[in-house]
2 protein chains.
Amino acid sequence: MVNQSDVARLANVSFITVSRVINNKGNVKEVTRKRVLDAIEELGYHPSSLGRALNSNSINTIGMHLRGNLSNDFVHSLLTGIEAGCKQHNYSLLLHFGDESNTLQPYFERKVDGLIFFLTELTTEEIRLIEKNDIPCVLLWDQCESKVVSCLFSDDVKGGFLATEHLITLGHTRIAHTVGPTDNASARRRHQGYITAMQSHKLTVADDLLLPVPHFSQEAGRQVARELLQRHQLPSAVFCVSDLIAFGLMDALREAGIRVPEDISIIGYDNSHTTAHVYCPLTSVYNPVKEIGHAGAETLIQHIHNEPPTESNRIFDVELIVRKSTASP
Amino acid sequence: MVNQSDVARLANVSFITVSRVINNKGNVKEVTRKRVLDAIEELGYHPSSLGRALNSNSINTIGMHLRGNLSNDFVHSLLTGIEAGCKQHNYSLLLHFGDESNTLQPYFERKVDGLIFFLTELTTEEIRLIEKNDIPCVLLWDQCESKVVSCLFSDDVKGGFLATEHLITLGHTRIAHTVGPTDNASARRRHQGYITAMQSHKLTVADDLLLPVPHFSQEAGRQVARELLQRHQLPSAVFCVSDLIAFGLMDALREAGIRVPEDISIIGYDNSHTTAHVYCPLTSVYNPVKEIGHAGAETLIQHIHNEPPTESNRIFDVELIVRKSTASP
DNA sequence: TTGAAAGCGTTACCAT
DNA sequence: ATGGTAACGCTTTCAA
């Protein structure tokens with residue numbers, strides 16, 4: 001692999017000068033500059049990011065930790081958004097998939113410039129490490145006390161509220177909610193929106209209206225259906241914490257001969273790509289995943305360039321998308 | 001950031017000895033070893049991958065180039081497979097999203113240990129660079145002459161054959177095929193399977209049965225539908241080069257009042273997760289995307305560890321999955 | 001068994 | 001305007 005010294009030799013200068021030319025540091029005579037550039041061209045030289053990073057400079061890479069159990073659509077939209085941000089600024093994305101302990105080490109070892117987290121609460125240990133290493137971070141779909149971390153999330157409370165109110169407006173009163181995992185901040189906020197909507201319309205939230213789901217999967221939705229089918233009376237509507245849950249629920253109910261939306265209304269969350277062309281097009285809440293991914297990458301790169309972002313918490317708006325899976329009871 | 005010298009100082013040895021302990025090089029007295037390990041523990045020291053990589057050692061990272069226009073499901077399955085491989089061997093994955101020129105440079109600069117390509121033909125320039133830099137590579141869903149590159153792909157010819165033969169067996173004769181982009185080897189092989197099946201049953205492939213699509217998207221499928229709807233006579237069945245195309249086609253036809261499978265049979269390819277719960281569950285060909293991703297990562301890491309893989313071309317089997325979108329004419 | 005010195009490719013600081 | 005030297009954190013080679 002050709003290095004600065006090789007270029008220097010060919011251009012008849014010292015390698016320092018080569019470095020100066022590469023980094024546009026000025027203080028290089030135009031003739032010399034030209035000679036160096038020619039040598040670079042001739043040898044096909046490219047600077048090594050590693051050498052750079054070793055001098056505590058940037059390696060133009062951000063790290064992201066992917067934890068499992070994410071729907072295709074979510075991961076894809078998120079990656080698309082992050083990709084857009086990275087591409088714009090010519091950054092690479094480093095993914096590591098190790099187990100939960102020592103989550104951050106692989107990134108530190110490789111001296112990434114910044115970190116993206118999402119849908120995870122940061123442990124105090126992680127926050128300590130982040131602050132100690134003074135590494136820029138963004139956290140997507142969650143909040144965090146540390147001033148070092150910028151948080152971007154969508155207005156899940158509003159989303160939960162909109163979804164529930166939509167059902168209430170249609171005339172439903174026995175509205176169930178599939179409650180997402182408690183360690184998921186988005187799910188907690190959607191739950192809160194549901195509660196707020198119910199209460200503001202003087203509807204009581206009986207215990208049997210709350211249906212916990214362990215994760216966002218079709219199988220979890222099917223499980224909920226199995227549980228509901230054992231009851232004397234179904235709720236007249238279900239606000240699902242995610243589209244995938246809604247799909248599973250809808251499929252299983254349909255197999256049991258229950259019609260959507262005639263017998264039961266179902267509303268999802270995320271507005272994933274498939275909502276539109278399933279058996280019964282799903283009413284859902286638009287979750288700006290791609291936008292948050294993009295903005296997250298951009299915000300992070302701003303951090304890295306020492307341009308502190310204007311706000312440390314940024315909330316993205318959501319929107320109710322009405323399709324065919326909801327109707328008056 | 002704490003380094004080898006810090007550890008050495010605390011353990012009262014030279015940093016060389018620390019290096020030996022870390023790499024299990026032996027030739028270290030057990031007492032010294034223990035002392036060093038304690039110091040490492042106490043300081044929370046972790047070796048820097050960068051320092052290592054600079055000495056042309058491994059940085060435990062493989063690179064992958066993602067080019068756009070991939071369906072959610074495909075990307076997700078592929079990532080899941082690759083993740084499994086990486087996790088097992090504690091490797092990280094580096095993604096870069098630059099434009100087409102200079103595709104490989106970002107990876108070389110960062111000294112990745114190996115490269116994964118997929119669904120792309122490698123240019124001769126890229127092959128030249130790979131061979132020159134002597135960097136292990138795997139290519140998924142395509143073939144390549146270079147002996148340096150291992151190729152893994154699924155049996156698309158068989159898949160195209162199975163799909164077409166299924167339709168023929170049902171009694172169809174006017175079977176159309178949406179022909180994928182010509183720069184996509186998988187699409188070309190599926191096309192070939194279609195042709196072979198038609199010919200082996202003495203069916204002529206009239207020009208109007210070949211419907212080119214520019215990319216694998218629902219919109220492309222809808223475009224095909226628009227084109228078909230202007231004809232006097234529809235084909236009685238369509239073998240779509242991907243599920244996404246099939247979804248778009250199916251949706252658009254349904255909107256025009258044409259029933260699937262009563263009026264027209266449709267078969268997709270990939271067997272993506274959504275095939276099962278769409279309006280009309282889609283007959284499709286199972287494409288082992290996740291498996292190939294996993295095997296690809298494993299094969300690549302074998303390469304990196306200098307264990308040349310047993311075979312340089314590995315073909316994965318496919319399977320026809322019959323659902324509701326195909327029936328006798 | 002341990003250590004010293006050199007080198008990997010780059011940049012920062014100080015000198016010329 | 002240009003270059004020398006040191007430093008980044010590590011491994012390798014040789015010497016003690």
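So that the names make sense, note that chain A is the first sequence line, chain B the second, and so on, each numbered from 1. Keep in mind that what you see is a predicted model, and the values were worked out from it rather than measured.
What separates CG of A:Asn24 from P of D:dA1 is a distance of 14 Å, to the nearest Å. Atom CD1 of B:Ile22 and atom C1' of D:dC10 are 9 Å apart (whole Å). Atom CZ in A:Arg110 sits roughly 15 Å away from atom C1' in D:dC10 (whole-Å rounding). Here D:dC10 presents its C1' atom at 5 Å from CG of B:Asn55, a figure rounded to the nearest Å. Here the P atom of nucleotide C:dG9 and the NZ atom of A:Lys111 are 17 Å apart, to the nearest Å. As rounded to whole Å, 18 Å separates atom P of C:dA6 from atom CG of B:Leu54. To the nearest angstrom, P of C:dT11 lies 12 Å from CG of A:Leu50. For B:Asp6 and D:dC10, the CG to C1' distance is 13 Å, given to the nearest whole Å.
The six-membered or imidazole ring of A:Trp141 lies away from that of A:Phe117, with a centre-to-centre distance of 6.0 Å or more.
Nucleic acid contact class of A:Lys25 (heavy atoms, under 4.0 Å, all strands): sugar-phosphate only.
Checking side-chain atoms of A:Asp6 against main-chain N and O of A:Asn3 turns up a donor-acceptor pair under 3.5 Å. A:Arg110 contributes a side-chain N or O that, together with a main-chain N or O of A:Pro106, makes up a donor-acceptor pair within less than 3.5 Å. The main-chain N or O of A:Thr123 is found under 3.5 Å from a side-chain atom of A:Glu126 such that the two form a donor-acceptor pair. Using a distance-only test at 3.5 Å, with no hydrogens or angles considered, no donor-acceptor pair links the side chain of B:Asn23 to the main chain of B:Lys25. B:Asp113 places no side-chain N or O within donor-acceptor distance of the main-chain N or O of B:Ile304, the cut-off being under 3.5 Å.
The side chain of A:Asn3 places an N or O atom within less than 4.0 Å of a non-bridging phosphate oxygen (OP1 or OP2) of C:dG9. Proximity of B:Arg52 to the phosphate of D:dT11: a side-chain N or O atom is located under 4.0 Å from OP1 or OP2. Residue B:Asn23 has a polar side-chain atom (N or O) positioned under 4.0 Å from OP1 or OP2 of D:dT11. Here B:Ser19 reaches the OP1 or OP2 of D:dT11: one of its side-chain N or O atoms lies under 4.0 Å away.
Aromatic ring orientation, B:His65 versus B:Tyr107: perpendicular (interplanar angle above 60°, classes split at 30° and 60°).
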Detail all sub-3.5 Å separations between protein N/O atoms and N/O atoms belonging to nucleotides 2-4 of chain D.
residue, atom, partner, partner atom, Å
D:dT2, OP1, A:Thr32, OG1, 2.6
D:dT2, OP2, A:Lys29, N, 2.6
D:dT2, OP2, A:Thr32, OG1, 3.3
D:dT2, O4, A:Arg20, NH2, 3.4
D:dG3, OP2, A:Ser14, N, 2.9
D:dG3, OP2, A:Thr17, OG1, 2.6
D:dG3, N7, A:Arg20, NH1, 3.4
D:dG3, N7, A:Arg20, NH2, 3.3
D:dG3, O6, A:Arg20, NH2, 2.6

Show me the donor-acceptor pairs, under 3.5 Å and distance only, between side chains in residues 287-297 of chain A and residues at least two apart or in other chains.
residue, atom, partner, partner atom, Å
A:Asn287, OD1, A:Ser154, OG, 2.9
A:Asn287, ND2, A:Asp270, OD1, 2.9
A:Glu291, OE1, A:Tyr286, OH, 3.1
A:Glu291, OE2, A:Tyr286, OH, 3.0
A:His294, NE2, A:Gln88, OE1, 3.0

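The side-chain heavy atoms of A:Glu298 and A:His89, taken from C-beta on, include a pair separated by under 4.5 Å.
The overall bend of the helix from C:dT1-D:dA16 to C:dT16-D:dA1, read as the angle between its terminal helix axes built from five base pairs each, is 40° when rounded to 10 degrees.
Checked against D:dT11, D:dA7, D:dG9, the side chain of B:Gln4 finds its nearest nucleotide in D:dT11.
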